[in-house]
Enquirer: 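Let me begin by handing over the structure; questions about it come next.
Residue numbers begin at 1 in each chain, while the letters A, B, ... track the order of the sequences. These numbers were taken from a predicted model, which means no experiment stands behind them.
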Number of protein chains: 2
Amino acid sequence: MIPDEDIINIRCRDCLDKSCATAVLDIREMDSIFRNRYLNEVKKGTNILNEGSPTSHIIYLRSGLVKEFINRPDNQEQILQIILPHSYLGLTSIFGDKVNHYSYTALTDLRLCYIDIDVFTTLVKDNGNFAYEILTSVGRESLNSFHRFIDQNHKKIYGRIADILIYFSKIIFLDNKFQIPLTRQEIADMVGTSRESTGRVLAKFQGEGIIDTHGRNIIINDIVKLEKISRYG
Amino acid sequence: MIPDEDIINIRCRDCLDKSCATAVLDIREMDSIFRNRYLNEVKKGTNILNEGSPTSHIIYLRSGLVKEFINRPDNQEQILQIILPHSYLGLTSIFGDKVNHYSYTALTDLRLCYIDIDVFTTLVKDNGNFAYEILTSVGRESLNSFHRFIDQNHKKIYGRIADILIYFSKIIFLDNKFQIPLTRQEIADMVGTSRESTGRVLAKFQGEGIIDTHGRNIIINDIVKLEKISRYG
DNA sequence: TGAAAAATGTGATAATTGTCACAAAAAAGT
DNA sequence: ACTTTTTTGTGACAATTATCACATTTTTCA
């Protein structure tokens, strides 16, 4: 897909989608990103990165939603998180062994910026404030994922599914009504249960009036009850 | 416990226990750490940090073993990892909200260095190479924990316990014979099962000749079989 | 060394959830 | 609009593992 001319030509310094971290860069530094970045638009469903591949670019998500996952030996997926716009994909993997440790797939149409890894590294080394911002976001991101994961780990499936619903409502869509960008299988892959169990739990929630579902359309009627289930279920 | 005079007085630049990251600091910078660090020796079993407490110092583990864990609402522990000497405790938590997200307890007697967080932050901001090294180690550390956790998540208890045994043998003690610094309950807390199940699995492994156990003393006789169990169990 | 506290073993039972194959429904593509 | 592919629902059954209370062993500490 070929981006519009004006989206191609907008400079990083003028870009409304730029990351928090880049705010600490000076204009010269922003321009160095601009000269070395490559803009790409990508269709829903496209595979963006595969775990194990070498990292040549930092990928910045300007718009759209991305699922981050790993392939397990029993060829099931483990979905780690849904990535929101204005974040980098897999920052954690980038430093160190320069190999991508996670895979990424577009859940919606996306707009991506590819930034050369050497340019990015140079910025980190030359601008301590930028380094600090990146460090902060790596830390926060990994804590978030980790906590979510640990939380889930000791819950039964009702609690896990409740968690997912709350996650999409409160973190991804900021609405009690949304269209979940995942199949039942993928929801299952996110919480580590089976497709069938996932469907059964959603049906049960529906039956109890906690949610309404028609396929991927979900309305949360009773968030309080859902939170109770998340806590004790 | 009061450290020996010569251990108190050794400067960071001369310290044999210093971290890889500090290797990129110049002497002036190392001395700034030295002037602002506080050495502490701590007995086995001591609580070093509690999740939720504000971060005032970076803690560097010079010697000993530490368990990193979080307290779950059902007041069980979830042990995240065993921390080896020459690493910082909870680097991930330090940037961002300046709150400790994990708790730490000494599994053996320890020697710790407390470094003022502002001094540390200044170094990160002033020395890009140092920032890069820290970034690398935060990334690597969080990937490691995360991977271990995900791996465990879809395994049955035999596989999980096998994992733990391999972990202690290959990563912590580098020996097929070791004294595990955890109770059965703690092993259970690490893999997310019950104390009873943990004991039963270890007894079973013993019965099959895969390991020998007398209390905390463990000898791994058949690492190959253990790895097979880890993979398929 | 002896008493108290902590850690571990035991066995039966119950709860949770994955699994299977197939039908039905929905979505995608032409 | 129609075919093909993908996704979802269903119900019975089996496997896994937590739970319980108590006995026993080991460790800790005075």
Enquirer: Each nucleotide N or O in nucleotides 18-21 of chain D that has a protein N or O under 3.5 Å away: list the pair and distance.
Expert:
from: D:dA18; atom 1: OP2; to: B:S194; atom 2: OG; distance (Å): 3.1
from: D:dA18; atom 1: OP2; to: B:S197; atom 2: OG; distance (Å): 2.5
from: D:dT19; atom 1: O4; to: B:R200; atom 2: NH2; distance (Å): 2.9
from: D:dC20; atom 1: N4; to: B:E196; atom 2: OE2; distance (Å): 3.0

Enquirer: Does B:S230 have any side-chain contact (heavy atoms from CB on, under 4.5 Å) partners at least two apart in sequence or in another chain, and if so, which?
Expert: B:K155, B:A162, B:D163, B:I166

Enquirer: Round to the nearest Å and state the distance from B:I218 atom CD1 to C:dT8 atom P.
Expert: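 In whole Å, C:dT8 P lies 11 Å from B:I218 CD1.
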
Enquirer: Find the distance B:L202:CG to C:dG9:P and express it as a whole number of Å.
Expert: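 Computing the B:L202:CG to C:dG9:P distance gives 8 Å.
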
Enquirer: How many Å lie between CG on B:N153 and P on D:dT17, as a whole number?
Expert: 13 Å

Enquirer: Going by number, which of residues 68-75 of chain A have a non-hydrogen atom under 4.0 Å from DNA chain D?
Expert: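 Of all residues in residues 68-75 of chain A, none places a heavy atom under 4.0 Å from DNA chain D.
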
Enquirer: Could you list all the salt bridge (Lys or Arg N to Asp or Glu O under 4.0 Å) pairs where at least one residue sits in residues 167-181 of chain A, not counting sequence neighbours?
Expert: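 Of all non-adjacent pairs touching residues 167-181 of chain A, those that pass salt bridge (Lys or Arg N to Asp or Glu O under 4.0 Å) are A:K170-A:E227.
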
Enquirer: Phosphate oxygens OP1/OP2 of D:dT8: is one of them under 4.0 Å from a side-chain N or O of A:R184?
Expert: yes

Enquirer: A:Y88: what forms a side-chain contact (heavy atoms from CB on, under 4.5 Å) with it, not counting sequence neighbours?
Expert: A:S19, A:T22, A:I58, A:Y60, A:L91, A:I115, A:F120, A:I134

Enquirer: Nearest whole angstrom, please: distance from the P of D:dG9 to the CD of A:Q206.
Expert: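 In whole Å, D:dG9 P lies 10 Å from A:Q206 CD.
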
Enquirer: Both B:K155 and B:K44 contact DNA chain D. Taking the nearest nucleotide for each, which residue is further toward the 5' end?
Expert: B:K155

Enquirer: Which pairs would a plain distance check flag for residues 200-207 of chain B, meaning a side-chain donor or acceptor within less than 3.5 Å of a matching protein atom at least two apart in sequence or in another chain?
Expert:
from: B:Q206; atom 1: OE1; to: B:T213; atom 2: N; distance (Å): 3.1
from: B:Q206; atom 1: NE2; to: B:T213; atom 2: O; distance (Å): 3.2
from: B:Q206; atom 1: NE2; to: B:T213; atom 2: OG1; distance (Å): 3.2

Enquirer: When the distance from NZ of A:K204 to C1' of C:dT16 is rounded to whole Å, what number comes out?
Expert: 12 Å

Enquirer: Quick one: list whatever passes side-chain contact (heavy atoms from CB on, under 4.5 Å) with A:Y38, sequence neighbours left out.
Expert: A:N40, A:Y114

Enquirer: Describe, as an angle rounded to 10 degrees, how the axis at the first end of the helix from C:dT1-D:dA30 to C:dT30-D:dA1 is tilted relative to the axis at the last end, five pairs per end.
Expert: 70°

Enquirer: Can you sort out the partners of B:N50 under side-chain contact (heavy atoms from CB on, under 4.5 Å), two or more places apart, ordered by chain and number?
Expert: B:N47, B:S103

Enquirer: Which pairs pass salt bridge (Lys or Arg N to Asp or Glu O under 4.0 Å) with one or both residues in residues 75-84 of chain B, sequence neighbours excluded?
Expert: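 Residue pairs passing salt bridge (Lys or Arg N to Asp or Glu O under 4.0 Å), neighbours aside: B:K67-B:E77.
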
Enquirer: Measure CD1/A:I180 against C1'/C:dA26 and give the value in whole Å, please.
Expert: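 Checked: the CD1 to C1' distance equals 17 Å.
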
Enquirer: Ring centroid separation for B:F69 and B:Y102, is it under 6.0 angstrom?
Expert: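 Not close enough - the centres of the two rings lie 6.0 Å or further apart.
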
Enquirer: Using only heavy-atom distances, determine whether the side chains of B:E51 and B:N71 contain a donor-acceptor pair under 3.5 Å.
Expert: yes

Enquirer: What's the CD-C1' distance between A:Q185 and D:dG9, to the nearest Å?
Expert: 14 Å

Enquirer: Can you name the residues that form a ring pair (Phe, Tyr, Trp, His ring centres under 6.0 Å) with A:F34, not counting sequence neighbours?
Expert: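 With neighbours one apart ignored, the set is empty.
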
Enquirer: If the condition is side-chain hydrogen bond (donor to acceptor under 3.5 Å, both in side chains), which residues does A:H154 pass it with, not counting sequence neighbours?
Expert: none

